[in-house]
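The structure appears below as C-alpha cells.
First the proteins, then the strands, lettered A, B, ... as listed; each starts at 1.
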Number of protein chains: 2
Amino acid sequence: MEKIKKILEEKGIKPSIQRIKIFECLMCDGDHPTAKDIYEIIFKEIPTLSKTTIYNTVKLFTDKGILKPVRIREGEVRYDIESDSHPHFRCNKCGKVFDLEKNLLIKEKKEIDGHLIEEKCVCYLGVCRNCRRKREH
Amino acid sequence: MEKIKKILEEKGIKPSIQRIKIFECLMCDGDHPTAKDIYEIIFKEIPTLSKTTIYNTVKLFTDKGILKPVRIREGEVRYDIESDSHPHFRCNKCGKVFDLEKNLLIKEKKEIDGHLIEEKCVCYLGVCRNCRRKREH
DNA sequence: TTCAAAATTGAAATCATTGTAAATAATAAA
DNA sequence: TTTATTATTTACAATGATTTCAATTTTGAA
Ligand SMILES: [Mn+2]
Ligand SMILES: [Mn+2]
Ligand SMILES: [Zn+2]
Ligand SMILES: [Zn+2]
C-alpha cells in the first residue's frame with residue numbers, strides 16, 4: 001500500500017484511493033484484467049466507483065509508462081503492469097492470459113510451461129518504410 | 001474472377017456476386033482490410049450492399065478456413081486471406097499492416113524490410129495447463 | 001476558512017459488431 | 001412456365017465497450 005503510493009508519486013501521479021486500488025488490482029491479478037474486471041473487483045470496496053475512472057486511470061497510467069494495454073482478442077483490451085515487453089499465452093478455453101519468459105523464442109515447440117500451443121501470433125509495431133521516407137515525424 | 005469462383009466452390013461456398021467481390025477485395029488489398037474498409041470499397045460497385053453481408057461473409061470464410069481475423073489494435077479486426085500463420089508489421093503512423101516472412105525470428109534487429117521496429121508483440125494461443133488437467137474438451 | 005484546480009462521477013454519445021426477421025434471389029419440383 | 005422450397009441479402013434494432021462531457025466532489029495551498 002505504501003509501496004504503491006511511492007511508485008505513483010515517483011511517476012508524478014497523485015495517489016488517490018481509486019488509483020491505488022486500481023494499481024493494486026493490476027499487481028495482484030495474475031491474469032491481465034480488462035477494464036470490466038478491474039471495475040468489478042474494486043466496486044465491492046468502493047461502490048461509488050465510476051467506470052469512467054477506470055478508463056481515465058488506465059489511460060493516465062499508460063501515458064506515464066507504468067501500464068501497457070495488451071490486445072489479444074477481439075473486444076478485449078487487457079492491462080499489463082509489467083513494463084518490459086514479453087510474450088503472452090492465452091488459453092482458448094478459460095481465457096486466462098499468462099506471462100511467458102522474456103526473450104523466449106519458440107521454434108517448433110508444441111508446449112510451454114505445460115500449456116498446449118495451438119497458434120502463434122506475432123506482430124511488430126513501428127514506422128513503415130513509406131512513412132520513414134516521408135520523414136513525417 | 002473465374003479463379004475466385006473456383007476457390008469458393010472448392011470450399012463449398014456458393015459464389016454470389018457479393019462473396020466474389022469480398023474475396024477479390026481481400027486478395028487485392030495488400031493491407032489486411034477491416035470490415036469497414038471492405039464495405040466502403042465494394043459499396044461503390046454494389047450500392048445496395050449491406051454491412052451485415054460483410055460480417056456474414058467474413059464469418060463464413062473464416063469458418064471455411066479461407067480467412068483469418070487478425071487483431072493488432074483495439075477496435076480493429078482485420079482480415080487476412082493468407083491461410084498460413086505469419087508475422088505482421090503494423091505502422092504506427094499510417095496504420096498499414098504488412099506481411100512478414102513466415103518463420104521469421106527477429107532477435108534484436110531494429111529494422112526489417114525497411115520498417116523501423118519500435119515494439120514487438122507475441123502471443124501464443126492454445127490450452128493452458130489448468131484446462132488440460134481438467135480434460136474438459 | 002476560502003477558493004481554484006484536480007479528480008471523480010453519471011449520463012449521454014459513439015461505434016463496431018451481432019441478432020433478427022423480412023425481402024429478395026436462386027433452385028428444384030410440379 | 002408456375003409454384004414451392006431454400007439460400008442469401010438486407011434493413012433495422014440491440015448490444016457492449018469505450019469516449020465525451022458537464023456537473024459534483026475532493027484536495028491542497030493561501
Ligand atoms: Mn504480461
Ligand atoms: Mn497477413
Ligand atoms: Zn485454461
Ligand atoms: Zn507507415
Side-chain angles (χ1 to χ4, degrees), chain A residues 4-5 8-9 11-26 32-64 66-80 95 97, chain B residues 4-5 8-9 11-26 32-64 66-80 95 97:
Chain A
I4 294 174
K5 266 192 184 176
L8 295 181
E9 274 164 353
K11 291 282 176 177
I13 299 168
K14 257 181 224 166
S16 69
I17 180 66
Q18 288 89 344
R19 287 168 178 176
I20 290 170
K21 286 286 165 200
I22 290 169
F23 192 94
E24 198 181 20
C25 183
L26 284 156
H32 308 71
T34 62
K36 188 167 177 265
D37 294 336
I38 299 171
Y39 177 78
E40 281 168 3
I41 290 167
I42 303 179
F43 181 78
K44 289 171 194 160
E45 296 183 65
I46 309 175
T48 58
L49 183 72
S50 166
K51 270 180 193 168
T52 308
T53 302
I54 307 291
Y55 286 108
N56 288 343
T57 305
V58 293
K59 171 98 174 36
L60 176 70
F61 286 1
T62 304
D63 290 346
K64 295 287 184 178
I66 59 177
L67 194 63
K68 218 184 129 189
V70 180
R71 304 165 227 266
I72 292 161
R73 277 275 147 151
E74 169 190 4
E76 258 195 13
V77 183
R78 291 163 169 271
Y79 297 95
D80 196 347
V97 174
Chain B
I4 293 174
K5 265 192 184 176
L8 295 182
E9 272 164 355
K11 292 282 175 177
I13 299 167
K14 255 180 224 164
S16 70
I17 181 65
Q18 288 89 344
R19 287 168 178 174
I20 291 171
K21 285 285 164 200
I22 291 169
F23 192 93
E24 197 181 21
C25 183
L26 284 156
H32 308 71
T34 63
K36 190 167 176 266
D37 294 335
I38 300 171
Y39 177 77
E40 281 168 2
I41 291 167
I42 304 179
F43 181 78
K44 289 171 195 162
E45 295 183 65
I46 310 174
T48 58
L49 183 72
S50 167
K51 273 182 191 167
T52 309
T53 301
I54 307 292
Y55 287 107
N56 288 343
T57 305
V58 293
K59 172 99 175 35
L60 176 71
F61 285 1
T62 304
D63 291 346
K64 295 287 184 177
I66 58 175
L67 195 63
K68 219 185 128 190
V70 180
R71 303 164 229 268
I72 291 162
R73 280 275 146 153
E74 165 192 6
E76 258 195 15
V77 184
R78 290 164 170 271
Y79 297 95
D80 197 347
V97 173

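Not one side-chain nitrogen or oxygen of B/Q18 sits closer than 4.0 Å to the OP1 or OP2 atom of C/dA25. For B/Y55, a side-chain nitrogen or oxygen approaches OP1 or OP2 of C/dT17 to under 4.0 Å. Side-chain N/O atoms of B/T52 include none lying less than 4.0 angstrom from OP1 or OP2 on D/dC12.
To the nearest angstrom, P of D/dG16 lies 15 Å from CG of A/D37. For the pair B/K59 NZ and D/dT9 C1', the computed distance is 17 Å after rounding to whole Å. If you measure from atom NZ of A/K21 to atom P of C/dT8, you get 14 Å, rounded to the nearest angstrom. Counting to the nearest Å, the P atom of D/dT8 and the CG atom of B/L49 are 16 Å from each other. In this structure, A/K14 places its NZ atom 10 Å from C1' of D/dA29, rounding to the nearest Å. Remark: C1' of D/dT19 and CG of A/N56 are 10 Å apart, rounded to the nearest angstrom. A/R19 has its CZ atom 6 Å from the C1' atom of C/dA7, to the nearest Å. If you measure from atom NZ of A/K36 to atom P of D/dT18, you get 11 Å, rounded to the nearest angstrom.
Side chain A/S16 to base C/dA6: no donor-acceptor pair is found below 3.5 Å.
Side-chain polar atoms of B/T53 and B/N56 form no donor-acceptor pair below 3.5 angstrom.
Residues B/K21 and B/I46 are in side-chain contact: their nearest non-hydrogen atoms beyond the backbone lie under 4.5 Å apart.
Judged purely by atom type and a 3.5 angstrom limit, B/H32 has no side-chain atom pairing as donor or acceptor with the backbone of B/R78. A side-chain donor-acceptor contact under 3.5 Å links B/R19 to the backbone of B/K14.
By the 6.0 Å contact criterion, NZ on B/K5 is open, its count of non-hydrogen atoms from other residues, nucleotides or ligands being 12 or less.
Backbone-only engagement by A/T48 is indicated by non-hydrogen atom pairs under 4.0 Å involving sugar-phosphate atoms exclusively.
Of the two residues near DNA chain D, B/K51 and A/A35, the one whose nearest nucleotide lies more 5' is B/K51.
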